[in-house]
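Notes follow the structure.
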Amino acid sequence: MKQSYCKTTIVILAILTTTQALFKGTPEDAKLNFTELGHKYGHRVEEYDVETEDGYILKLFHIPGKKKGPVLLVHGITNTADAFIIRGKKSLAITLADDDYDVWAGNTRGNRYGRRHTHLNPDIDKSFWDFSFHEAGYYDLAATIDFILNATGEKNLRSIGHSQGTTVHFVLMSTKPEYNEKIEIFIALAPVAFLNHLKPPLSTVLELGPIINLDFEDLGLEELFRDHDSATELMKILCSQGIIGLLCYLDVFSPLSGLDPKRVEPEFYEVIVGHTPAGTNRKTLVHFSQVSLNKRFAYYDYGLSKNLQRYGSSVPPSYDLGKVMARVALMVGKNDSVATVEDVDILRKKLSNVAGYYLLEPELWNHVDFVWANDMDVYLYPKIFSVLQKFEEHNACSNDI
Ligand SMILES: *[C@@H]1O[C@H](CO)[C@@H](O)[C@H](O)[C@H]1NC(C)=O
Ligand SMILES: *[C@@H]1O[C@H](CO)[C@@H](O)[C@H](O)[C@H]1NC(C)=O
Ligand SMILES: *[C@@H]1O[C@H](CO)[C@@H](O)[C@H](O)[C@H]1NC(C)=O
């Protein structure tokens with residue numbers, strides 16, 4: 001009785017707030033890009049093009065800071081650098097910049113800011129889309145780090161990744177171990193390497209992955225959730241409209257990653273859908289689905305004969321997490337249905353240099369709260385800043401010796 005009364009109240013409140021949002025019109029921040037948001041919240045932003053060894057051209061945003069060293073931010077799947085700035089004054093990028101860190105926000109291939117190539121056309125050439133999180137780590141993250149170190153003249157940087165943004169770090173550090181020295185500390189928000197304990201409905205979606213994949217392949221669907229394609233636009237329009245927005249929130253967002261209306265308030269959905277989804281591709285989703293179904297953090301599975309050709313073994317090799325020597329701080333949400341506490345424990349045991357493990361206090365902290373929650377400044381940033389400061393001091397000490 002009490003519970004249903006409570007539920008009714010929540011639904012009424014949500015309808016009121018979303019309807020109100022509808023009449024207020026689209027908030028400005030839904031439309032601004034990273035650079036414009038940076039300006040709006042008080043900082044100068046520079047834009048660079050990073051070219052990878054295999055020809056992809058990625059936007060890299062820079063908010064110059066003089067007092068403290070470079071910090072790189074790496075976004076998750078279907079997201080962009082925008083993830084770290086759409087909360088405005090309360091966003092991680094702006095909070096770091098306000099504290100005079102030298103902030104860099106990267107992008108991985110295939111998203112809105114990474115849809116360019118020296119000679120492949122993403123609209124025509126299917127081979128543009130022949131990548132997964134493997135290439136996003138092996139090429140994109142490598143090129144981004146090298147670009148920043150060259151531009152700043154520093155020997156190493158501090159890096160923060162969210163979700164797939166952590167996966168690409170584990171790929172890079174295990175496949176090109178020389179990059180371990182270039183990362184002073186890696187802060188992994190909602191770390192994703194193992195997906196053994198996914199909860200439904202996401203686990204169900206991934207179980208259907210192989211079947212969906214064949215359909216997509218037949219249809220020639222390589223690019224998915226592009227920001228301006230008609231299906232994505234329709235979804236975004238519906239999601240940002242009043243009562244439908246509420247349904248969209250309840251039916252689409254919350255079951256997949258968990259959305260807590262206290263942390264991600266309905267008024268903020270319009271800003272979110274203005275920036276995401278911003279594109280990914282079939283092969284990336286298939287690769288994650290393989291990781292989950294095979295319960296192994298391994299290279300892409302091409303099937304028996306191609307695996308033999310490529311890897312010299314019938315199954316793809318696992319990424320060697322023993323080669324990840326850089327310090328890693330793990331930050332985990334108790335209610336994260338993607339980067340579950342159980343799976344991060346598996347990862348934690350395989351890493352040799354865990355510099356900190358932080359379970360965020362709120363019981364309902366979930367996967368997207370690491371970039372979207374309205375109280376990141378209370379529960380998340382103090383942890384991030386304490387880790388960053390610790391390894392700044394460490395730097396100073398080792399310089400003295
Ligand atoms: C962001 O917006 C500004 C101002 O409209 C524009 O000059 C810039 O090219 C945009 N940047 C990107 C990466 O789209
Ligand atoms: C390294 O930085 C210098 C100047 O800061 C620039 O001229 C050069 O092109 C950069 N090299 C690469 C590979 O980015
Ligand atoms: C998140 O919290 C809800 C409500 O307490 C619970 O039903 C669900 O199982 C939790 N999910 C995870 C992944 O812990």
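In listed order, ligands and their atoms are each counted from 1.
Distances from atom 11 (N) of ligand 2 to the protein include at least one heavy-atom value under 4.0 Å. For atom 7 (O) of ligand 3, the nearest protein heavy atom lies 4.0 Å away or farther.
Counting only heavy atoms of the protein, atom 9 (O) of ligand 1 lies nearest to Glu47 OE1, 4.0 Å. Among protein heavy atoms, the minimum distance from atom 5 (O) of ligand 1 is reached at Glu36 OE2, 2.9 Å.
Of the heavy atoms in Phe34, none comes closer than 4.0 Å to ligand 1.
Ligand 1 has no nitrogen or oxygen under 3.5 angstrom from a nitrogen or oxygen of Lys59. Inclusion of Thr35 in the set of residues having an N or O under 3.5 Å from an N or O of ligand 1 is not warranted. By the 3.5 Å distance cut-off applied to N or O atoms, Tyr113 is not counted among the residues near ligand 1.
Atom CE of Met173 is separated from atom CG of Asp320 by 12.5 Å, given to the nearest 0.5 angstrom.
Note: His162 and Phe370 have tilted aromatic rings, judged against thresholds of 30 and 60 degrees for the angle between ring planes. Between His62 and Tyr48, the ring planes lie tilted relative to each other; the angle falls in the 30° to 60° range.
Closest heavy-atom approach to atom 3 (C) of ligand 2 among the candidates Asn150, Val50, Leu149: Asn150. Residue nearest to atom 14 (O) of ligand 3, selected from Asn335, Thr340, Asp336, Val338: Asn335 (by heavy-atom distance).
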Item to complete: Could you check Leu96 against Leu388 for side chain to side chain contact (heavy atoms under 4.5 Å, CB included), going step by step and ending with a plain yes or no?
Response: CA-CA 10 Å; Leu96 287 166; Leu388 289 175; 3.6 Å; yes
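Within a 6.0 Å radius of NZ in Lys295, other residues, nucleotides and ligands contribute more than 12 heavy atoms.
Here is the list of ligand 3 atoms found below 4.0 Å of a heavy atom in Lys334: 14 (O). The atoms of ligand 1 that sit less than 4.0 Å from any heavy atom of Asn33 are 1 (C), 2 (O), 3 (C), 8 (C), 10 (C), 11 (N), 12 (C), 14 (O). In summary, the atoms of ligand 3 found under 4.0 Å from a heavy atom of Leu364, numbered by their order in the structure, are 2 (O).
Ring to ring, Tyr358 and Tyr379 are not that close: their centroids are 6.0 angstrom or more apart. Ring centers of Phe128 and Tyr56: under 6.0 Å apart, within the cut-off. Between Tyr300 and His134, a ring centre-to-centre spacing not shorter than 6.0 Å is recorded.
When each of Thr80, Asp49, Asp82 is tested with Tyr113 by the rule side-chain hydrogen bond (donor to acceptor under 3.5 Å, both in side chains), just one qualifies, namely Asp82.
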